[in-house]
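Below is one structure; the comments refer to it alone.
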Amino acid sequence: MDKYKSVFDIIGPIMIGPSSSHTAGAVAIGRVGHILAGGVPSRADVHYYDSFARTHSGHGTDYAIISGLLGFAPDDPRVPDAIGIARRQGMDLTFHEEDEPSPIDHPNTAVLDLRGPAGRVIYAACSIGGGTIEVRRINLDGCLITPPGLLPILLVELDESEKGAGRRLERIRDLLREEGVTKQTRYEPEGPAGTAVYEFDLDNPLSAQRQKQIAGHSSRMMYID
C-alpha cells in the first residue's frame with residue numbers, strides 16, 4: 001500500500017454529484033467552454049434539450065456545467081457552490097429549457113453560448129454516460145467546426161497571412177505525424193481572410209510537452225481532453 005500516495009491513486013477522483021451523465025459529464029461539458037473561451041466567461045447562456053431540459057436542476061447539471069466553466073475538476077469540493085461563485089465573480093448566467101429536440105440528436109444535450117477572454121464561442125455537446133462526453137459542433141467567432149465527437153480534440157488557430165505561417169503549419173504537422181496523426185480539417189472563419197482553424201483527429205491524448213511544442217508554432221492552440 002505504501003507505493004500509493006493516497007486513496008485517489010487506487011480509486012481515482014471522487015465525483016461530486018448524483019449522476020455520472022448529468023453531473024460528472026456536465027462538468028466536462030463546462031470545461032470545454034473554459035478552454036474554448038480562453039478562461040472564465042463573463043457571460044454564459046446554457047440551453048438544455050430533452051433529458052437535460054427536464055432534469056437539470058434536480059441532477060446537479062446546472063452547478064456542474066458552471067463548475068467546468070470556472071475550471072473546477074469533477075471532485076473539487078466547490079462544485080456544488082459553483083453557481084454562487086460564478087455570480088459573485090460577475091458572470092452573467094442564464095439557463096434555458098428548450099422544448100424542441102436536441103440539435104445534435106442526443107437526449108443529454110447542452111448548447112453553451114459564451115463570451116470570454118478569447119471572444120464568443122457557441123458549442124453543442126452531449127453526455128453519453130459514465131462521465132464521457134462528445135463535442136459535436138463548435139462555432140468559434142463565426143468559424144463552424146464539426147469535430148469527430150469524442151475527446152481528445154485538438155484545434156490549432158493560425159494566422160496564415162503572417163510571414164512563415166506555412167513553415168509553422170508544416171512543423172505542427174510533423175510533430176503530430178510523430179504521434180500517428182495524419183488526418184486534419186481546415187476551417188476558415190467568416191469575414192476577412194487570414195486566420196484559419198485546423199482540427200486534427202486524435203486517437204490518443206497528447207503529452208504536456210507535445211502540447212507545448214505545438215502551441216509554440218500556432219497563434220492559439222485549444223486542446224480538450
Side-chain angles (χ1 to χ4, degrees), residues 13 16-17 23-48 60-96 110-125 127 131 133-145 147 151-159 172 187 189 191 194-200 202 205-225:
I16 303 292
T23 313
V27 174
I29 289 173
R31 184 173 172 273
V32 171
H34 182 86
I35 295 168
L36 294 175
V40 178
S42 58
R43 178 176 172 182
D45 282 275
V46 183
H47 300 262
Y48 293 121
T61 309
D62 296 348
Y63 64 68
I65 282 183
I66 302 309
S67 67
L69 291 178
L70 292 171
F72 297 168
D75 59 328
D76 193 306
R78 296 173 294 176
V79 166
D81 301 317
I83 294 174
I85 293 170
R87 286 183 167 143
R88 287 194 293 274
Q89 291 184 6
M91 187 187 296
D92 181 3
L93 173 61
T94 309
F95 299 102
H96 307 265
V111 176
L112 277 69
D113 185 348
L114 310 175
R115 276 76 163 179
R120 186 179 184 185
V121 59
I122 305 171
Y123 67 99
S127 179
I133 69 167
E134 291 186 354
V135 183
R136 298 186 178 175
R137 294 181 192 170
I138 301 171
N139 189 321
L140 201 63
D141 279 327
C143 183
L144 182 60
I145 301 162
L151 308 185
I153 293 170
L154 175 65
L155 303 176
V156 174
E157 194 172 81
L158 196 66
D159 186 347
I172 292 169
Y187 297 93
T195 300
V197 177
Y198 290 83
E199 182 270 311
F200 294 89
L202 303 180
L206 295 176
S207 68
Q209 179 182 5
R210 188 65 84 199
Q211 293 175 49
K212 185 176 180 180
Q213 290 172 327
I214 294 168
H217 295 286
S218 64
S219 304
R220 182 185 175 204
M221 185 197 76
M222 292 153 279
Y223 177 68
I224 305 165
D225 62 357

For [X] against [Y], the heavy-atom pair lying closest together:
X: Leu114; Y: Ala37; value: CD1-CB, 4.4 Å
X: Pro147; Y: Ile153; value: CB-CD1, 3.9 Å
X: Tyr63; Y: Pro80; value: CD1-CA, 3.8 Å
X: Leu69; Y: His34; value: O-ND1, 2.7 Å

Less than 4.5 Å apart, side chain to side chain, heavy atoms only: is that true for [X] and [Y]?
X: Arg115; Y: Ser42; value: yes
X: Asn139; Y: Ile145; value: no
X: Tyr187; Y: Leu140; value: no
X: Tyr198; Y: Ser218; value: no
X: Ile66; Y: Phe95; value: yes
X: His96; Y: Thr94; value: yes
X: Leu36; Y: Tyr123; value: yes
X: Tyr48; Y: Ile65; value: yes

Only one of Val32, Leu155, Val156 passes side-chain contact (heavy atoms from CB on, under 4.5 Å) with Met222; say which it is.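 Result for side-chain contact (heavy atoms from CB on, under 4.5 Å) with Met222: Leu155.
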
Applying the side-chain contact (heavy atoms from CB on, under 4.5 Å) criterion to Ile133, which one of Ile224, Val27, Ile29 satisfies it? Ile29

Atom [atom1] of [X] and atom [atom2] of [Y]: how far apart are they, to the nearest 0.5 Å?
X: Ile214; Y: Leu154; atom1: CD1; atom2: CG; value: 5.5 Å
X: Leu70; Y: Ile83; atom1: CG; atom2: CD1; value: 10.0 Å
X: Met91; Y: Arg87; atom1: CE; atom2: CZ; value: 10.0 Å
X: Leu202; Y: Tyr223; atom1: CG; atom2: OH; value: 6.5 Å
X: Gln211; Y: Leu206; atom1: CD; atom2: CG; value: 6.0 Å
X: Glu157; Y: Cys143; atom1: CD; atom2: SG; value: 8.0 Å

Could you walk me through whether Ile122 and Leu112 satisfy the side-chain contact (heavy atoms from CB on, under 4.5 Å) test, starting with their C-alpha distance in whole Å, then the side-chain angles of each, then the deciding distance to 0.1 Å, before giving a yes or no? CA-CA 6 Å; Ile122 305 171; Leu112 277 69; over 6 Å; no

Could you go through the side-chain contact (heavy atoms from CB on, under 4.5 Å) check for Val121 and Asp141 one step at a time? CA-CA 6 Å; Val121 59; Asp141 279 327; over 6 Å; no

Could you work out, with side chain to side chain donor-acceptor pair (under 3.5 Å) as the rule, every residue matching Asp92, not counting sequence neighbours?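 Asp92 satisfies side chain to side chain donor-acceptor pair (under 3.5 Å) with no residue once adjacent residues are dropped.
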
I'd like to know if the side chain of Ser127 and the backbone of Ala26 have a donor-acceptor N/O pair within less than 3.5 Å.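 No: the side chain of Ser127 does not pair with the backbone of Ala26.
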
May I have all residue pairs that pass salt bridge (Lys or Arg N to Asp or Glu O under 4.0 Å) and include part of residues 31-48, sequence neighbours excluded? Arg31-Asp225, Arg43-Asp45

